[in-house]
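Numbering of ligands and ligand atoms starts at 1, following listing order. Nothing fancy with the numbering, it's 1 onward along the sequence.
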Amino acid sequence: QQVRNDTEAISLASTDFGHIVKEIPEAVFYPTTSNDIITLLKQANDNTTPIAARGQGHSVRGQSMAQKGIVVNMTSFGNEGGRIIIVSEGSSFGPYVDVGGEQIWINVLGETLKHGLSPVSWTDYLYLSVGGTLSNAGISGQSFRFGPQISNVYELDVITGKGDFVTCSRNKAPDLFYSVLGGLGQFGIITRARIALAPAPTSVKWVRLLYNDFSAFSRDQEHLISMNGRMEKNGVDYLEGFLLMRQGPFDLSFYPEPDQLRITTLVNQTGIVYLIELAKYYDATTQNSVDKDLQLLLNRLGFVRGFAFSKDATYLEFLNRVRAEELKLRKLGLWEVPHPWMNLFVPKSRISDFDSGVFKDIFLKNKVPAGLIIIYPMNRNKWDDKMSAMTPNEDVFYAIGLLHSSTPEEWEAFDNVNKQILEFCRVAGIMFKQYIPHYETEHDWINHFGSKWGNFQLKKLQFDPKKILAPGQKIFNS
Ligand SMILES: Cc1cc2nc3c(=O)[nH]c(=O)nc-3n(C[C@H](O)[C@H](O)[C@H](O)COP(=O)(O)OP(=O)(O)OC[C@H]3O[C@@H](n4cnc5c(N)ncnc54)[C@H](O)[C@@H]3O)c2cc1C
């Protein structure tokens, strides 16, 4: 059945991973072909019905919801067409894969690995849809070298808000291509993406290094991302970072049991331990040299001696690492809980002020439970400013994820901490950008898009003049 308004379909479409916002649609539409979506969008234009594509609903603030509108549940898409994931190896720009916008990245990886190939840029968690991550940017520890996922797209099929089917790329209908990438679902529904591939490694050295000093930590992170050529052999293949804070909570399961106590002691002594997580990929041809290469690299870094931990994983295990966390949390009933998450991009020139004002003052001093805090730098020249995604205006900026899980009673307290952080940045004049942004007033959106706002508005008029798409973002209907 293509249109459903039963309780099950409606209640799924009126919630998301955030468990904070609830917006109830009139109905949920289950398309199988592009024509289904075209017909729906043409009708919706006639009636000005709000329409939201829902990939996996892993937004945290209702971005894939449509109050009194129609949610397009993309999971049914492609079921009749058979064209879901196709790997092509011979082309002038190298191997690529054509994937449905509804596909989740774990399945893209599974298919491409059968050919010994893999996308190069990832998100930490792979059960997100291609259309959903390309509507934001898609970032992870590979972004410093390859850019976000949106930098690795060759072509898209998009059904615009007007209901027109358009194949677009840097050369063909480039306005639509650039608008849609990072475009928060405002211009069209992505039904296919052509994504760059490269030979896949088989294995990974997965390393964590502990620091008790922020400046040594950030210096090393910035040094590691400066080695960012596509074929770079001496650097790392993945780089992220985390915080371990005295007040917790933190998870020590990565580390050998005999080391866990001394890690806890280090955290208690210093209050905050900064942790670099890096990975070096290898395969049969490099397995004899990878340990030596890694050692050479580590010798030059300033982590606390004796606090380097390494393990081997398959490439698949490593990329799919968050799945193991998900399954653990699900078992404890801690996955489907409120997630008042906030992600920021902070310019390198102000990162140490952010450390003092947010990590040391707001969190540590006030003993605020910190949840998972992720922090790692990226190179802006790997992003394409013609795309809709926003970054700070500096060559290097840090992605900071403040990923709290909470009880239904407590999420507002965490959200108040988020507000305090935003206020701190405002007062300190830190020119950050929100990633996976959440704003509720036009004024804030104008501020977010800065000099791109005029063009963003124009493209909205061109591709979705009735402003029916992705109302849950609250950009044009706040
Ligand atoms: C556990 C977890 C880990 C995460 N880790 C990362 C990470 O490491 N890096 C990162 O970058 N992000 C990460 N995210 C955030 C994630 O990338 C975004 O929330 C993304 O939007 C989720 O994809 P989705 O398929 O669930 O999208 P949805 O929540 O379903 O949709 C998001 C937006 O995209 C629109 N949309 C959905 N499908 C389409 C389509 N086919 N065409 C056009 N628009 C569409 C929706 O209307 C909505 O506005 C994480 C999220 C979670 C829950």
Side-chain angles (χ1 to χ4, degrees), residues 12-13 15-19 21 23 25 31 34 37 41 50-66 69-75 77-78 99-106 121-143 147-150 156-161 176 179-193 238 240 319-323 325-326 329-330 335-337 339 341-343 345 372 374 376 378 388-389 399 401 403 405 435-438 463-464 468-475:
L12 176 72
T15 186
D16 64 15
F17 185 77
H19 290 286
V21 175
E23 293 194 339
S34 295
I37 300 178
L41 286 173
I51 300 284
R54 177 186 164 101
Q56 290 292 313
H58 276 91
S59 296
V60 295
R61 297 284 178 165
Q63 286 95 333
S64 55
M65 295 180 197
I70 297 180
V71 169
V72 182
N73 187 321
M74 291 296 287
T75 56
F77 186 72
V99 302
E102 78 291 352
Q103 288 297 312
I104 54 174
W105 286 97
I106 183 70
S121 180
W122 291 98
T123 47
D124 294 351
Y125 178 59
L126 305 185
Y127 291 73
L128 306 167
S129 80
V130 169
T133 71
L134 296 185
S135 296
N136 284 295
I139 59 164
S140 186
Q142 298 85 3
S143 303
Q149 291 181 320
I150 51 173
L156 296 170
D157 285 341
V158 176
I159 302 169
T160 68
L176 182 62
S179 298
V180 164
L181 292 170
L184 308 176
Q186 294 304 305
F187 308 101
I189 296 186
I190 300 168
T191 54
R192 177 185 63 96
Y238 158 101
E240 289 200 6
L319 288 183
N320 202 20
R321 61 199 176 281
V322 177
R323 178 64 163 181
E325 300 303 313
E326 174 189 351
L329 291 171
R330 277 191 186 280
W335 185 255
E336 305 274 349
V337 296
H339 294 105
W341 287 8
M342 185 166 78
N343 291 280
F345 289 162
L372 177 60
I374 303 183
Y376 57 95
M378 288 186 273
S388 297
L403 311 182
S405 296
Y435 174 58
I436 319 185
H438 164 64
F463 299 119
D464 179 27
I468 58 175
L469 279 178
Q473 299 277 5
K474 309 257 182 293
I475 301 178

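Residue, atom and distance of the protein heavy atom nearest to atom 33 (C) of ligand 1 are Gln473 NE2, 4.0 Å. Scanning the protein for heavy atoms near atom 47 (O) of ligand 1, the closest one is Ala53 O, 2.7 Å. Summary of contacts: the protein heavy atom closest to atom 16 (C) of ligand 1 is Leu128 CD1, 3.8 Å. Of the protein's heavy atoms, Ser135 OG, 3.6 Å lies nearest to atom 45 (C) of ligand 1. Scanning the protein heavy atoms around atom 24 (P) of ligand 1, the nearest turns out to be Gln56 N, 3.5 Å. For atom 29 (O) of ligand 1, the closest non-hydrogen atom of the protein is Ser59 OG, 2.6 Å. When only non-hydrogen protein atoms are considered, atom 21 (O) of ligand 1 lies nearest to Asn136 ND2, 3.0 Å. The protein heavy atom nearest to atom 1 (C) of ligand 1 is Tyr125 CD2, 3.6 Å.
Between the side chain of Gln56 and the backbone N or O of Ser129 there is no donor-acceptor pair closer than 3.5 Å. A donor-acceptor contact shorter than 3.5 Å is absent between the side chain of Asp124 and the backbone of Ser140. With Ser135 contributing its side chain and Gly131 its backbone, the two residues share a donor-acceptor pair below 3.5 Å. No donor-acceptor pair under 3.5 Å is formed between the side chain of His438 and the backbone N or O of Ile436. Although no hydrogens or angles enter the test, the distance criterion places a donor-acceptor pair under 3.5 Å between the side chain of Arg54 and the main chain of Leu12.
Looking at Thr133, Asp16, Ile436 and measuring to atom 12 (N) of ligand 1, the nearest heavy atom belongs to Ile436. One option in Ile104, Ile139, Val130, Asp124 has a heavy atom closer to atom 9 (N) of ligand 1 than any other, and that option is Ile139. Looking at Phe187, Trp341, Trp122 and measuring to atom 52 (C) of ligand 1, the nearest heavy atom belongs to Trp341. Ranked by closest heavy atom to atom 10 (C) of ligand 1, the top entry among Ile374, Thr123, Leu126 is Thr123.
Close contacts between ligand 1 and Gly138 involve ligand atoms 11 (O) [criterion: under 4.0 Å to a heavy atom]. Close approach to Gly188 involves these atoms of ligand 1, each under 4.0 Å from a residue heavy atom: 43 (C). Heavy-atom contacts of Gly185 reach the following atoms of ligand 1: 44 (N) (cutoff under 4.0 Å). Close approach to Gly57 involves these atoms of ligand 1, each under 4.0 Å from a residue heavy atom: 26 (O), 28 (P), 29 (O), 30 (O). Close contacts between ligand 1 and Trp335 involve ligand atoms 1 (C) [criterion: under 4.0 Å to a heavy atom].
For Trp335 and Phe17, the ring centers sit closer than 6.0 Å to each other. Aromatic ring centroids of Trp105 and Tyr127 lie 6.0 Å or more apart.
A donor and an acceptor atom, one from each side chain of Thr133 and Gln149, are located under 3.5 Å apart.
Across all their heavy atoms, Ala66 and Ile51 have their closest contact at CB-C, 4.5 Å. Pairing each heavy atom of Ala193 with each of Leu134, the nearest pair is CB-CD1, 3.8 Å.
Between Gln63 and Leu184 there is no side-chain heavy-atom pair separated by less than 4.5 Å.
Among the atoms of Gly55, some N or O lies under 3.5 angstrom from an N or O of ligand 1. The shortest N/O to N/O separation between Ile190 and ligand 1 falls below 3.5 Å. Polar contact with ligand 1: present for Ser129 (N/O pair, distance under 3.5 Å).
Taking the ring axis of Tyr125 as reference, the NZ or CZ atom of Arg323 does not stay both within 45° of it and closer than 6.0 Å to the ring centre.
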